[in-house]
Amino acid sequence: MKDIMGRNINYLRLSITDSCNLRCLYCMPEEGVQYEEEKNLISMDEAFYIVKIFAELGIKKVRITGGEPLVRKGVCDLIKNIKSLNEIEEINITTNGVLLEKYLDELYINGITGLNISLDTLNEDRYKKITRGGNLNKVVDAIKRAKKYDLKVKLNSLIIQDFNEDEVNSLVEFAIENKLMLRFIELMPIGYGKTLKGFKNEEIKNIVEKKFKLSEFSDEPLGINGPAKYFKLDNSDIPLGFISPISGCFCDTCNRVRVTSDGKLKECLYYKGNLNLKDEIRNKTSEEEIKDKIIKAVFLKKKQHKFFEKDNDIEESEKKNMSMIGG
């Protein structure tokens with residue numbers, strides 16, 4: 001599929017739940033949020049049907065997200081079903097890692113190809129504070145075990161001012177020690193993220209360079225494509241990535257669309273989704289009609305987000321929290 005700017009859209013991020021087993025302070029309030037009733041979420045059969053349709057329209061890579069996708073019953077079977085689609089080359093999942101060890105064997109057997117695991121701190125007390133009750137040891141154990149599988153394992157870290165900026169290099173050292181790819185991701189001004197202050201990735205890079213030598217890859221590392229800018233760490237082949245949606249807008253190369261857990265197609269994270277695929281499926285819209293509506297919606301994908309504008313609270317902007325949109 002091509003959009004109006006000629007970008008090739010071949011990557012789908014599919015959220016299967018707005019529920020989570022943590023209460024991360026940049027995602028939701030301490031008391032949590034009101035989750036959608038299950039009847040209002042896409043079913044696992046509907047999720048697979050959506051992926052099948054997108055695969056036939058040219059999607060090659062699928063990422064399953066949440067909330068926390070591993071709290072949704074049937075996620076491993078969904079991975080197995082997606083694996084049966086010849087068009088899909090990569091099936092990844094984004095997780096906070098707390099439940100990962102429990103499901104790792106089944107995920108691997110059923111065809112998962114990559115894991116993105118959130119890790120913002122290596123300090124147990126801070127981890128409990130940022131997640132409001134999470135168990136850091138479970139996550140670290142799952143990360144180390146996942147490395148034993150033939151999977152792409154990436155760590156995603158978000159640095160917040162006056163909270164964990166002093167751990168930037170500790171996270172880098174952890175990545176080097178365990179031979180893992182680490183990416184620093186700029187804080188997105190969505191939902192509760194608006195109440196916190198993050199760092200520009202250039203600032204984080206400056207912190208890293210005070211201790212480590214960084215050099216650019218001549219090619220994309222490990223065959224990876226996506227929005228991150230990667231550097232080699234200390235003359236090794238271990239990639240350190242920076243994803244900079246705010247300070248280094250990469251909209252001109254964006255190749256992705258999202259489907260939220262309640263079925264809305266979002267051509268861009270910033271803008272509201274207007275096409276509800278769950279409703280189309282439940283209203284018995286034919287597959288060809290759904291495909292036509294998706295093609296038309298994707299074609300109108302906006303040129304660029306507006307997160308960098310001071311007043312982005314405009315009518316077309318997304319008002320939901322990230323747990324509802326899909327990470």
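- The side-chain hydrogen bond (donor to acceptor under 3.5 Å, both in side chains) test with Asn96 is passed by exactly one of Asp120, Thr131, Asn21: Asn21.
- Asn92 contributes a side-chain N or O that, together with a main-chain N or O of Gly114, makes up a donor-acceptor pair within less than 3.5 Å.
- Taking the side chain as every heavy atom from C-beta outward, Val168 and Phe184 approach each other to under 4.5 Å.
- Residues Ile93 and Val75 meet the side-chain proximity criterion, which asks for heavy atoms closer than 4.5 Å.
- A pairwise comparison of heavy atoms in Leu41 and Glu46 identifies O-OE1, 4.1 Å as the closest pair.
- Residue Arg132 comes nearest to Arg23 through the heavy atom pair NH1-O, 2.8 Å, listed as atom of the first residue, atom of the second, then distance.
- Interatomic distance, Asn8 CG to Met1 CE, rounded to the nearest 0.5 Å: 8.5 Å.
- Taking the side chain as every heavy atom from C-beta outward, Met5 and Asp252 never approach each other to under 4.5 Å.
- The closest side-chain heavy-atom distance from Ile53 to Leu277 is not below 4.5 Å.
- Of the possible donor and acceptor atoms, none in the side chain of Arg72 sits under 3.5 Å from a partner among the backbone N and O of Thr17.
- At least one donor-acceptor pair under 3.5 Å links the side chain of Asn164 to the backbone N or O of Leu158.
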Let me see the working for Asn135 and Val98 under side chain to side chain contact (heavy atoms under 4.5 Å, CB included), right down to the final yes or no. CA-CA 7 Å; Asn135 187 319; Val98 173; 5.5 Å; no

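- Taking CE from Met44 and CG from Asp77, the interatomic distance works out to 10.0 Å, rounded to the nearest 0.5 Å.
- Between Ile42 and Gly263, the closest heavy-atom pair is CG2-CA, 3.7 Å.
- Thr94 has its side chain out of reach of Ile64: every pair of non-hydrogen atoms, C-beta onward, lies at least 4.5 Å apart.
- Transitive grouping of hydrophobic side chains (ILVMFWY, heavy atoms separated by less than 4.5 Å) keeps Ile295 and Leu300 in distinct clusters.
- A pairwise comparison of heavy atoms in Asp105 and Arg145 identifies OD1-NH2, 2.7 Å as the closest pair.
- Look at Lys296 and Asp292 and you find a salt bridge, because one of the NZ, NE, NH1 or NH2 atoms lies within 4.0 Å of a carboxylate O, short of that distance.
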Without placing hydrogens or testing angles, list every side-chain donor-acceptor pair under 3.5 Å for residues 170-177, not counting sequence neighbours.
from, atom 1, to, atom 2, distance (Å)
Glu173, OE2, Lys211, NZ, 2.3

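- Looking only at distances, no side-chain donor or acceptor of Lys154 sits under 3.5 Å from a matching main-chain atom of Arg183.
- Counting non-hydrogen atoms of other residues, nucleotides and ligands closer than 6.0 Å to CG of Asn137 gives a total above 12.
- When all heavy atoms of Ala142 and Gly97 are compared, the pair lying nearest together is CB-O, 3.9 Å.
- Of the listed residues (Glu202, Lys200, Lys205, Glu186), just one forms a side chain to side chain contact (heavy atoms under 4.5 Å, CB included) with Phe242, and that residue is Lys205.
- The cluster map of Ile, Leu, Val, Met, Phe, Trp and Tyr, joined by side-chain heavy atoms under 4.5 Å apart, puts Tyr271 and Tyr11 in different clusters.
- Side-chain contact annotation: Thr260 with Asp262, donor-acceptor N/O pair under 3.5 Å present.
- Lys264 contributes atom NZ, which lies 10.0 Å from atom NZ of Lys266 (distance to the nearest 0.5 angstrom).
- Residues Val257 and Phe54 have side chains in contact (heavy-atom distance under 4.5 Å, counting atoms from C-beta outward).
- Hydrophobic clustering of Ile, Leu, Val, Met, Phe, Trp and Tyr side chains at less than 4.5 Å, counting indirect connections, keeps Leu57 apart from Phe299.
- The distance from atom CG of Leu85 to atom NZ of Lys52, rounded to the nearest 0.5 Å, is 8.0 Å.
- Distance check, rounded to the nearest 0.5 Å: CG of Asn156 to CG of Asn116 gives 4.5 Å.
- In Lys291, the NZ atom is crowded: over 12 heavy atoms of neighbouring residues, nucleotides or ligands sit closer than 6.0 Å.
- A 4.5 Å side-chain heavy-atom check between Leu240 and Phe212 finds every atom pair outside the cut-off.
- Taken from CG in Leu119 to CG in Leu136, the straight-line distance is 6.5 Å, to the nearest 0.5 Å.
- Glu87 has its side chain out of reach of Ile59: every pair of non-hydrogen atoms, C-beta onward, lies at least 4.5 Å apart.
- Ion pairing of Lys80 with Glu106 is absent here, as no side-chain N (NZ or NE/NH1/NH2) approaches a carboxylate O to less than 4.0 Å.
- Under 3.5 Å, the side chains of Glu68 and Thr95 contain a donor-acceptor pair of N or O atoms.
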Apply the test side chain to side chain contact (heavy atoms under 4.5 Å, CB included) to residues Val33 and Asp18: give CA-CA distance (whole Å), side-chain angles for both, the deciding distance (0.1 Å), then the verdict. CA-CA 10 Å; Val33 296; Asp18 61 339; 6.0 Å; no

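- Here the side chain of Lys301 pairs a donor or acceptor atom with the backbone of Arg256 at under 3.5 angstrom.
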Kindly determine whether Ile160 and Leu25 satisfy side chain to side chain contact (heavy atoms under 4.5 Å, CB included), including the steps that lead there. CA-CA 11 Å; Ile160 301 169; Leu25 57 86; 4.0 Å; yes

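- Side chain of Asn10 to backbone of Lys60: no donor-acceptor contact under 3.5 angstrom is found.
- Arg7 places a side-chain N or O within 3.5 Å of a backbone atom of Cys251 that can act as its donor or acceptor partner.
- Although no hydrogens or angles enter the test, the distance criterion places a donor-acceptor pair under 3.5 Å between the side chain of Glu165 and the main chain of Phe163.
- Pairs engaging residues 98-127 under the ring pair (Phe, Tyr, Trp, His ring centres under 6.0 Å) rule: Tyr108-Tyr149 [sequence neighbours left out].
- Closest non-hydrogen pair, Gly198 versus Gln161, comes out as O-NE2, 3.2 Å.
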